[in-house]
Amino acid sequence: MPKNISLWMATAPESSFPVLSGDTTCDVCVIGGGIAGVIAAYQLDQAGFSVALVESHQTCGGVTGYTTAKVTSGHRLIYNQLFNDQSPRSAQAYADANQWGLEWIASTAESLAIDCDLERKDMLVFAENSEELEQVQKEFESAKNVGLPVTWAETAGLPFPTLGALRFADQIQFHARKFVLALASKLVASRGRIFENTRALEVNEDRTSSQVITDKGTVHAKFVVVASHYPIYDPAFFIARLAPYRDYAVAAKINGPLPAEMSIGAGESSKSFRTQASPDGDLLIVSGEAHKAGQEPNTKQRYANLENYTRSIFDVESIPYRWSAQDNETPDAMPYIGRITSGSEGCFVITGFNAWGMSTAGFAGRIVADLITGKANEWSEVFDPNRFKGMESLKSVVSENVNAVKHLIGDKFSDVEKKEIGSLEPGQAAILKVDGEKVAAFRDSAGVLHSISPICTHIGCDIGWNSAEETWDCPCHGSRFDIDGRVLHGPAVKDLERKV
């Protein structure tokens, strides 16, 4: 597990679903036990399918357990971007789908009596300078044009100057882990099955059925939904169309009043704010400091930057929680939801949330369920995973692949540290040469040495040390490994080789 445990992980019970034991059969196999996978499994169960969900670790213990858990259709400056780069139809579909997903989560929590700290809050997108103000004003007009519940606010209600804000009314903040674990229990109480600590290794599909090969057995299914955040099955070449980023959050105990609404700055380097009740009292969650996954040499500084920023604005009593999360960005800022390839009858994918996975998860399962049952869905074409839109998408794809190739090839010729493995002090990590072979080594606080292969098992890029989380991260596609080489985050599915 990562070194820094989130507020959500610390304040909800652990799940206890069984491990898959041998082969099994179902209508639909869902890969991934985060919010997208569990909601999709639940919606498919309610549609009458027998569902088996496989999760490599703990249900809602991955990206969803490290979210900021804002459920909103206010996604920074997305609507003006969609109007300009795509079409009014795309903007309308994006707005309608996200509002539907938001309301599905709210109504489901109410109808199933799920205690998940759900609160209705307005969401503000604010400007801090004149350039951002112009962008937010344009976003206001675009959001109005697609019928979203938006008004203009002269201030964002934060203790620093803002020039104006777009207000989305009646959005949601909640405890994502409490919601997902409760929904998972409802799924199993129906007829669904969840298998934890069961890693999907590959998917085989033909015209009538598919097989999900795991490390504990095979799931035979007519349909497969790949909701593993970064797809572990990739005939559609998502490797070239997803860019993994990490983002950071701190939960602070504040002396004085807390902001009344959720909010996020319009600028890419701006911060995000929301509140949350906890055993430590009401907390303020501040997030930001995003960077490409595996490409930040000093991740501890990212936390320090965020903590210093929070203390510069608020009277901070303490910071009891801090954590980071990973998300995948797409070239056109819209998720991939639907058939994994145009020729695939039985395999579907949900990925590329662009840091807005909560409302996306709410509607993604509906799209997949409609496609499986043959029901018309008004959003499916816009989110089709096989789309490719324009020169900007091409530029983004080329840029991401140049970046990955640079690390795949260039890191092979990078220097290793000129020290003996035995000289590593507690808390130190390094890529070293041992008997002429590269080794990734870390000595833990107890003095125990952990040494593994430094070559990611996905496509062979060299991993790098993440000092803040004490993990080994891949700069190419965001795979992450613990100090003993066990996979924490895909697309890698195989552990790193341990060295003596």
So, for [X] and [Y], is the gap between ring centers shorter than 6.0 Å?
X	Y	answer
W8	Y66	no
H75	Y94	yes
F238	H477	no

Is any side-chain heavy atom of [X] closer than 4.5 Å to a side-chain heavy atom of [Y]?
X	Y	result
M334	V382	yes
D495	F481	no
I285	T275	no
L124	L166	no

Can you tell me if [X] and [Y] form a side-chain donor-acceptor pair at under 3.5 Å?
X	Y	result
R193	T24	yes
N386	S342	no
N466	E470	no
S287	D247	no
S15	E196	yes
S73	N98	no
T64	T67	no
N4	E469	yes
Y321	D280	yes
K70	S272	yes
Y230	Q326	no
T72	Q171	yes

Q.
Show, in sequence, the C-alpha distance, side-chain angles and deciding distance for W465 and F442, and conclude whether the ring-ring contact (aromatic ring centres under 6.0 Å, His included) test is met.
A. CA-CA 9 Å; W465 180 241; F442 170 67; 4.7 Å; yes
[X] side chain to [Y] backbone, donor-acceptor under 3.5 Å:
X	Y	result
Q43	R366	yes
T351	Y336	no
S111	S107	yes
S87	F83	no
K144	P149	no
R241	A236	yes
S90	L82	no
D370	N377	no
T299	A468	yes
R199	V487	yes

Q.
How about NZ on K222, more than 12 heavy atoms from neighbouring residues, nucleotides or ligands closer than 6.0 Å, or not?
A.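 No, the 6.0 Å shell around NZ holds no more than 12 heavy atoms from other groups.
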May I ask you to say whether [X] pairs ionically with [Y], meaning some side-chain N is under 4.0 Å from a carboxylate O?
X	Y	value
R274	E119	no
R387	D332	yes
E261	R167	yes
E296	R246	no
R480	D473	yes

Q: Would you please test K178 and D117 for salt bridge (charged side-chain N to carboxylate O under 4.0 Å, His left out) and show each step?
A: CA-CA 8 Å; K178 288 181 180 178; D117 306 337; 3.3 Å; yes
Q) Using 30° and 60° as the class limits, which term best fits the ring planes of H229 and F353: parallel, tilted or perpendicular? A)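 Judged by the thresholds at 30° and 60°, the geometry between H229 and F353 is perpendicular.
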Q. Relative to each other, are the rings of Y79 and F168 parallel, tilted or perpendicular (30° and 60° limits)?
A.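 Correct class here is tilted.
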Q | Contact list for residues 99-113, test salt bridge (Lys or Arg N to Asp or Glu O under 4.0 Å), sequence neighbours left out | A |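 Qualifying pairs: E103-R120.
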Q. Under 2.5 Å between the SG atoms of C461 and C476: is that the case?
A.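 Judged by the SG atoms alone, which are under 2.5 Å apart, C476 and C461 are bridged.
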